There are 2 protein chains.
Amino acid sequence: MYERKIPELLDCGLAVSIKVIGGKWKAWIIDCIRRGVRRPSAIHKEMHEVAPRIINMHLKELEEYGLIYKKVYAEIPARVEYCFTEVGYSVLPVVDILEKWGNEHKEYIYQHKEGYQADSCPFERKTA
Amino acid sequence: MYERKIPELLDCGLAVSIKVIGGKWKAWIIDCIRRGVRRPSAIHKEMHEVAPRIINMHLKELEEYGLIYKKVYAEIPARVEYCFTEVGYSVLPVVDILEKWGNEHKEYIYQHKEGYQADSCPFERKTA
DNA sequence: AGCCATAGGGAAAAAATTTTCCCTGCCTGC
DNA sequence: GCAGGCAGGGAAAATTTTTTCCCTATGGCT
């Protein structure tokens with residue numbers, strides 16, 4: 001296990017939210033589960049560009065935070081499903097809003113970054 | 001300059017949003033500017049636990065994305081202020097929502113992570 | 001000449017995250 | 001036997017992000 005060297009400040013709401021859904025793939029995993037893709041192997045197939053190991057790690061993290069919980073069916077072969085807790089459901093609108101804002105502004109951000117030079121500015125410039 | 005080895009997928013709204021406000025301190029910087037703390041040195045003082053270098057880098061990134069822009073006053077000593085663009089203003093409600101969600105659930109997440117064991121679960125357990 | 005403030009960046013170290021590789025175990029089917 | 005699917009993790013490498021250290025330049029003050 002990896003041990004942090006610098007303590008996190010989790011008393012701030014912003015930090016908590018970023019921590020929970022800020023991982024590279026966590027929001028996608030949340031989206032998978034929401035769409036009914038609940039089994040690890042199924043999620044792995046959906047996100048074929050991501051290594052299963054990482055998805056497992058993110059799933060575990062989300063489980064630790066209490067956003068999802070694990071149902072282990074006593075079937076053969078082993079069958080596992082991840083479902084949202086109450087708090088897990090409460091994060092869905094937040095994910096939606098992020099998704100929405102990103103989609104509405106991605107072209108702007110793209111183009112701005114393309115055309116960006118240290119001395120160009122969309123508004124006033126070097127006020128005299 | 002650092003060059004990425006793995007290209008980013010910025011066609012997804014979620015990725016864009018996380019990229020823009022997901023940095024370790026970017027949301028705080030945005031909050032500073034919103035509260036009227038617009039000069040680099042002033043932001044540095046507000047965020048005294050963060051190295052100025054990082055704040056400068058984040059500011060530059062936010063400027064590249066077109067969320068903020070730089071006003072350079074021809075004064076002595078040099079005077080710089082960062083202000084929101086239209087798109088910058090549009091991200092404020094998103095930040096608010098993250099902050100709000102985090103504050104509402106941080107205790108839960110805290111406690112859950114504390115008491116977490118691989119085989120405890122707040123709901124059903126190991127469905128037969 | 002010092003030292004203060006302003007704004008800013010290069011280089012490298014440190015830390016954190018992500019990724020790859022390979023292993024455990026169970027069972028099914030061939 | 002061997003191969004496949006299932007769920008999962010340890011160790012180390014690779015990548016990315018964050019941090020520290022030190023530098024640029026301007027001008028004011030003593």
Side-chain angles (χ1 to χ4, degrees), chain A residues 1-10 15 18-29 37-45 47-64 68-82 117-119 126-127, chain B residues 1-10 15 18-29 37-45 47-64 68-82 117-119 126-127:
Chain A
M1 279 291 282
Y2 176 76
E3 233 178 279
R4 300 203 141 261
K5 307 214 173 142
I6 296 177
E8 304 180 84
L9 42 137
L10 286 182
I18 296 285
K19 181 77 191 161
V20 168
I21 54 177
K24 189 159 181 183
W25 308 109
K26 278 206 229 84
W28 281 265
I29 293 175
V37 183
R38 285 189 266 267
R39 300 186 59 179
S41 55
I43 300 176
H44 296 163
K45 273 173 202 152
M47 305 175 65
H48 56 277
E49 58 277 281
V50 188
R53 179 83 166 95
I54 310 173
I55 298 174
N56 292 342
M57 285 172 58
H58 281 325
L59 282 170
K60 186 169 184 181
E61 211 184 321
L62 290 172
E63 195 192 354
E64 282 179 17
I68 61 177
Y69 67 98
K70 196 201 288 193
K71 280 191 194 171
V72 181
Y73 293 89
E75 296 179 2
I76 296 304
R79 177 179 155 86
V80 169
E81 278 183 9
Y82 287 99
Q117 299 155 36
D119 279 307
K126 295 195 188 213
T127 306
Chain B
M1 278 292 282
Y2 176 75
E3 234 178 281
R4 301 202 140 262
K5 306 211 175 147
I6 296 176
E8 304 180 83
L9 44 136
L10 286 181
I18 297 284
K19 181 74 191 164
V20 168
I21 55 177
K24 190 159 181 184
W25 308 108
K26 277 207 229 80
W28 279 264
I29 293 175
V37 183
R38 285 188 267 266
R39 301 186 59 181
S41 56
I43 299 175
H44 297 163
K45 273 174 200 150
M47 305 176 64
H48 56 279
E49 58 277 279
V50 188
R53 179 82 167 94
I54 310 173
I55 297 175
N56 292 342
M57 286 171 56
H58 282 324
L59 282 170
K60 185 169 184 179
E61 212 183 320
L62 290 172
E63 195 192 355
E64 283 179 16
I68 60 178
Y69 66 98
K70 196 201 286 195
K71 281 191 195 173
V72 181
Y73 294 89
E75 295 179 5
I76 297 303
R79 177 177 153 86
V80 169
E81 278 184 9
Y82 287 100
Q117 299 155 36
D119 280 305
K126 294 193 190 216
T127 307

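Numbers restart at 1 for each chain; the letters A, B, ... are given by sequence-line order, proteins then strands. Model, not experiment: these values are computed from the prediction.
Listed pair A/Arg4 / C/dT17 meets the phosphate criterion, a side-chain N or O lying under 4.0 Å from OP1 or OP2. At least one side-chain nitrogen or oxygen of A/Ser41 sits closer than 4.0 Å to the OP1 or OP2 atom of D/dA7. Residue B/Arg39 places at least one side-chain N or O closer than 4.0 Å to OP1 or OP2 of C/dA7.
Contact annotation for B/Lys26: no contact, since no heavy-atom pair falls under 4.0 Å across all strands.
When every heavy atom of A/Val80 is checked against every heavy atom of A/Val72, the shortest pair comes out as CG2-CG2, 4.4 Å. Minimum interatomic distance between B/Ile21 and A/Ile18 (heavy atoms only, all atoms of both residues): O-CD1, 3.5 Å. Counting all heavy atoms, side chain and backbone alike, B/Leu62 lies closest to B/Val20 at CD2-O, 3.9 Å. Smallest separation of non-hydrogen atoms from B/Met47 and B/Trp28: CE-CB, 3.7 Å. When all heavy atoms of B/Arg79 and B/Arg39 are compared, the pair lying nearest together is NH1-NH1, 3.4 Å. The heavy-atom pair separating B/Lys19 from B/Lys26 by the smallest distance is O-NZ, 3.1 Å.
Test A/Met57, A/His58, A/Glu64 against A/Lys60 for side chain to side chain contact (heavy atoms under 4.5 Å, CB included) and you get one pass: A/Glu64.
Taking NZ of A/Lys70 as the reference point, atom OH of A/Tyr82 lies at 4.0 Å (rounded to 0.5 Å). Atom NZ in A/Lys24 sits 12.5 Å away from atom CD1 in A/Ile29 (nearest 0.5 Å).
Between the P atom of D/dT17 and the NZ atom of B/Lys60 lies a distance of 16 Å, rounded to the nearest Å. Distance NZ (A/Lys19) to C1' (D/dT17): 13 Å, rounded to an integer number of Å. To the nearest angstrom, P of C/dT18 lies 14 Å from CG of A/Asn56. Distance, B/Leu62 CG to C/dG8 P: 13 Å, rounded to whole Å. We find that NE2 of B/His44 is positioned 18 Å from P of C/dC4, with the value rounded to whole Å. Spacing between atom OH of A/Tyr2 and atom C1' of D/dT15 amounts to 14 Å, rounded to whole angstrom units. Atom OH of A/Tyr73 and atom P of D/dA7 are 12 Å apart (whole Å). Atom CE in A/Met47 sits about 11 Å away from atom P in C/dT18, given to the nearest Å.
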Scan nucleotides 23-30 of chain C nucleotide by nucleotide, 5' to 3', and note B when protein non-hydrogen atoms come under 4.0 Å of the base, S if they reach only the sugar-phosphate, - if neither.
-> ----S---
Provide a list of protein-nucleic acid N or O atom pairs under 3.5 angstrom, restricted to nucleotides 18-22 of chain D.
| from | atom 1 | to | atom 2 | distance (Å) |
| --- | --- | --- | --- | --- |
| D/dT18 | OP1 | B/Lys24 | N | 2.8 |
| D/dT19 | OP1 | B/Lys24 | NZ | 3.4 |
| D/dT19 | OP2 | B/Trp25 | NE1 | 2.7 |

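Nearest to the side-chain atoms of B/Lys5 among the listed nucleotides C/dT6, C/dG8, D/dT16 stands D/dT16. Of the listed nucleotides (C/dG8, C/dA16, D/dA7), C/dG8 has the atom at the smallest distance from the side chain of B/Tyr82. Checking D/dG8, D/dC6, D/dT17 against every side-chain atom of A/Lys70, the shortest atom distance belongs to D/dG8.
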Give the C-alpha distance, both sets of side-chain angles, the deciding distance and a yes or no for side chain to side chain contact (heavy atoms under 4.5 Å, CB included) between B/Leu59 and B/Ile43.
-> CA-CA 10 Å; B/Leu59 282 170; B/Ile43 299 175; 4.3 Å; yes
